[in-house]
Structure formats: C-alpha cells, structure tokens
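What follows is a single structure, and I will ask about it in a moment.
What you see is a predicted model, and the numbers here were worked out from it, not measured in a lab. All chains are named by letter (A, B, ...) in the order of the sequence lines, taking the proteins before the strands, and each is independently numbered beginning at 1.
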There are 2 protein chains.
Amino acid sequence: MMETIEQFLESKKIRVTAMRLLIYKFLAERQVAVTLSDIENTFEKADRTTLYRTIKTFEDKAIVHQIDDGTGITKYALCEQGCNCEIETDLHLHFHCNNCNQTICLTEHKIPQIKVPDGFVSENINLVVKGICDKCSGQ
Amino acid sequence: MMETIEQFLESKKIRVTAMRLLIYKFLAERQVAVTLSDIENTFEKADRTTLYRTIKTFEDKAIVHQIDDGTGITKYALCEQGCNCEIETDLHLHFHCNNCNQTICLTEHKIPQIKVPDGFVSENINLVVKGICDKCSGQ
DNA sequence: CCAATACCTGCAACGGAAGTGCAATTATTG
DNA sequence: CAATAATTGCACTTCCGTTGCAGGTATTGG
Ligand SMILES: [Mn+2]
Ligand SMILES: [Mn+2]
Ligand SMILES: [Zn+2]
Ligand SMILES: [Zn+2]
C-alpha cells in the first residue's frame, strides 16, 4: 500500500542515493519552501554543487517545484501528489511572510482566472501574496 | 498646464541632473519594463553605479516601480500617475512574454481579491502572467 | 561673489547566488 | 569481474546587486 521513498524515487526514474534520500526527507519534513542555502547549512559535509544538482534533478523529474517569492532567492518545495509541474507550474498560490521571511505553499488555494488583453496568451501564472503569516500574526 | 519633466522631478524632490533627465526620458519612451543592463547598454558612457543609483532614487521617490517577473532579473517601469507604490506596490498585473522575453505593465488590469487562510494577513500581492504577448502571437 | 556645505558621479571592490568543466568516485549492467 | 554509466566534489566563472570612498559639481547663505 504505502510506498517507500525509495520506491517513489524509482517510479520517477530517479536513482536512489544516500544524498538524494536525505534531501528528499529534508524537504518532506519541512512545511515551508527552502533555499539552496538552507539545504547547504543542513548538510555541511556535502558539496554545494551536489545539493544544487540534486534539487535540479528533482525539479527535472517534476517532484519539486521552484518558487519565486520576490526575495531574489529561489526557493523549492515538494510537489503535491498529482501536481502537473511538467506541463505548467502548479497554480496554487504562495505566501511570503514579511516578518519571518518564510514562504509557504498554499496548495489548497488555487489561482483565480486572470483576464489578459486581446492578443495575449496566458500560459502560466505566478502569484505571491506577501504579508504576515499565521504564526507571526500571533493567531 | 503641461508640466515639464524638470518640474515634475522637482515636485518629487528629485534634483534635476543631465543623467536623471536622460534616464527618465528613456523609461518614458519605452512601453516595456527595463533592466539595469538595458539602461547600461543605452548609456555606455555612464557608470553602472550611477545608473543603479538613479533608478534607486526614482524608486525611493516613488516615480518608478520594481517588477519581479520571475526571470531573476529585476525590471523597472515608470509609475502611472496616481500610483501608490509608497504604500503598497501597485496592484496591476504584469505580463512576461516567454518568446520575446519582454515584460509589460498591464496597468488597466487590476489584481482581483485573493483569499488567504485564517491567521494570514495579506499586505501586498505580486502577480505575473507568463505566455505570449500580442506582438509575438502575431495578432 | 566666495566659502561652506550638500549632493552627485565614477572607480574599485565585494558578496551572494547560479552555473559549468573536469576528474575521481561510486553504482549498474552484462 | 570488466566495461560502462551516473553521481559527486573541487575549482573556477559569470552575473547581478550593492557599498565605500574620493573627486567633481551644484546649492546655499553670508
Ligand atoms: Mn508551491
Ligand atoms: Mn507595472
Ligand atoms: Zn511569519
Ligand atoms: Zn513577446
């Protein structure tokens, strides 16, 4: 029934390595989007490049999606099951807290239909809401 | 009636210099958002830093707004009259063309109301639509 | 009009983040 | 077990944004 991480990675044609398992687990246990530096700080023994390329592999195989929250630093989060990143970046919205600087996937909150002028073709939408998160608003 | 650029800058407490007039005119005559490199390439005699600081001044004085279109490179555009960038980044949406790589302010298209979960406070929204622009769609 | 001051500009340098080439190590296949 | 393929680590590069400082230019007020 419940497939292991190893099985999951293999199903996505990603070879299982110690590094990849560690990084996958790290992403899975965090609720917020992470930067490459976050990962670097967590796995100090590993080389930057390896971490970088691991995330890139995950992205290519569509189990991680990239988030541009406007801080200038790319963040990453595991895709939901059934997410269609390969086709278009998934259309849930992201929330960036101006206080704790964390970015959260609001996977339940889909992006509404956006009208564009005649002649423009919309393929993809990035929507980031900035403000104060639930933890920081003391609520 | 019609105020000159000089008068406009002074009204915003920006001292008029040759450089600032040139960059202002450059921004004014372009319909698309520009990068710092765009400006650098246009004014090759001027120093990178001066151009950077000129844009920064314009931004601080709220006559230019910054656009993060997800390319990783910050873009800039003149604010509309009555734009309230000082308070919150103006809430029109931006369109990034995946073909010609240009980013356009859709100042007529305001961002719809976005619901966030309980406990979250929305202060600001960045919405970028990506796709094919009117020129590139051959329409 | 001149001196003091404030502001603007250019040069050099720095830092962070992203990305690449190559060689060494490790895993996979037959 | 040998041949092959993929992964990892190291060194290095590039790009963008940013800052410190010093020289130049404009503004002010006496
Ligand atoms: Mn997400
Ligand atoms: Mn705009
Ligand atoms: Zn927060
Ligand atoms: Zn286009």
Side-chain angles (χ1 to χ4, degrees), chain A residues 5-7 9-26 33-61 63-77 96 101-103, chain B residues 5-7 9-27 33-61 63-77 89 96 101-103:
Chain A
I5 298 176
E6 285 87 342
Q7 285 167 342
L9 292 179
E10 275 166 5
S11 78
K12 294 287 183 177
K13 309 246 182 275
I14 301 168
R15 283 207 193 159
V16 176
T17 69
M19 206 64 252
R20 286 171 181 178
L21 279 174
L22 284 170
I23 294 176
Y24 184 90
K25 283 174 191 161
F26 176 72
V34 302
T35 65
L36 226 37
S37 310
D38 291 336
I39 303 177
E40 278 174 55
N41 294 334
T42 308
F43 303 102
E44 293 188 323
K45 295 160 295 184
D47 187 77
R48 244 171 41 78
T49 318
T50 305
L51 303 173
Y52 167 74
R53 287 200 259 234
T54 300
I55 283 286
K56 206 105 198 282
T57 301
F58 286 177
E59 221 190 322
D60 291 346
K61 303 292 183 178
I63 68 169
V64 153
H65 68 274
Q66 205 170 319
I67 302 159
D68 174 10
D69 62 9
T71 55
I73 298 157
T74 307
K75 297 187 179 174
Y76 304 90
H96 176 75
N101 206 34
Q102 289 194 329
T103 297
Chain B
I5 298 176
E6 284 88 341
Q7 285 168 341
L9 292 178
E10 275 165 6
S11 79
K12 295 287 181 176
K13 310 244 182 276
I14 301 169
R15 279 207 197 159
V16 177
T17 69
M19 205 64 255
R20 288 172 179 177
L21 279 173
L22 285 170
I23 295 176
Y24 185 89
K25 283 175 190 159
F26 176 72
L27 291 171
V34 302
T35 65
L36 225 39
S37 311
D38 291 336
I39 303 177
E40 277 174 56
N41 294 335
T42 307
F43 303 102
E44 294 188 323
K45 295 161 294 184
D47 187 76
R48 245 165 48 78
T49 318
T50 305
L51 303 174
Y52 167 74
R53 285 200 260 234
T54 300
I55 283 286
K56 205 106 200 286
T57 302
F58 285 177
E59 220 189 322
D60 291 346
K61 302 293 182 179
I63 67 170
V64 153
H65 67 275
Q66 204 169 318
I67 302 159
D68 175 10
D69 62 11
T71 54
I73 299 157
T74 308
K75 297 186 179 176
Y76 304 91
T89 54
H96 175 75
N101 207 33
Q102 290 193 327
T103 297

**OP:** List the steps and the verdict of side-chain contact (heavy atoms from CB on, under 4.5 Å) for A:Gln66 and A:Val64.
**Re:** CA-CA 7 Å; A:Gln66 205 170 319; A:Val64 153; over 6 Å; no
To the nearest angstrom, the CG-C1' distance between B:Leu9 and C:dC8 comes to 15 Å
Value for OG1 (A:Thr35) from CD (A:Gln102), rounded to nearest 0.5 Å, stands at 10.5 Å
Between CD1 of A:Ile23 and P of D:dT7 the distance, given in whole Å, is 13 Å
CD (B:Glu59) and OG1 (B:Thr74) are apart, to the nearest 0.5 Å, by 8.5 Å
Between CG of A:Leu51 and C1' of D:dT7 the distance, given in whole Å, is 13 Å
Side chain to side chain contact (heavy atoms under 4.5 Å, CB included) filter on A:Glu6, not counting sequence neighbours, yields A:Thr4, A:Val16, A:Leu21
Would you mind writing out the side-chain donor-acceptor pairs for residues 41-54 of chain A within the sub-3.5 Å range, not counting sequence neighbours?
| residue | atom | partner | partner atom | Å |
| --- | --- | --- | --- | --- |
| A:Asn41 | ND2 | A:Ser37 | O | 3.2 |
| A:Thr42 | OG1 | A:Asp38 | O | 2.8 |
| A:Asp47 | OD2 | A:Thr49 | N | 2.9 |
| A:Asp47 | OD2 | A:Thr49 | OG1 | 2.8 |
| A:Thr54 | OG1 | A:Thr50 | O | 2.7 |

Output for pair (A:Ile55 CD1, A:Ile63 CD1), nearest 0.5 Å, gives 8.5 Å
So the salt bridge (charged side-chain N to carboxylate O under 4.0 Å, His left out) pairs with at least one residue in residues 67-77 of chain B (sequence neighbours excluded) are B:Asp69-B:Lys75
From CD of B:Gln66 across to C1' of D:dC16 the rounded distance in Å is 12 Å
Whole-Å distance, B:Ile55 CD1 to C:dC8 C1', equals 16 Å
Within residues 13-22 of chain B, those residues having any heavy atom closer than 4.0 Å to DNA chain D are B:Arg15
CD1 of B:Ile23 to OH of B:Tyr76, rounded to nearest 0.5 Å, is 11.5 Å
Heavy-atom contacts, protein to nucleotides 14-21 of chain C, under 4.0 Å, summarised as B (base), S (sugar-phosphate only) or - (none) per nt, yield ---SBBBB
Rounded to whole Å, CG of B:Asp60 lies from C1' of D:dT18 at a distance of 14 Å
Here the distance between atom P of D:dC16 and atom CG of B:Asp68, to the nearest Å, is 15 Å
When rounded to whole Å, the CG to P distance for the pair B:Asp47 and D:dC21 reads 17 Å
So the side-chain hydrogen bond (donor to acceptor under 3.5 Å, both in side chains) pairs with at least one residue in residues 11-23 of chain B (sequence neighbours excluded) are none
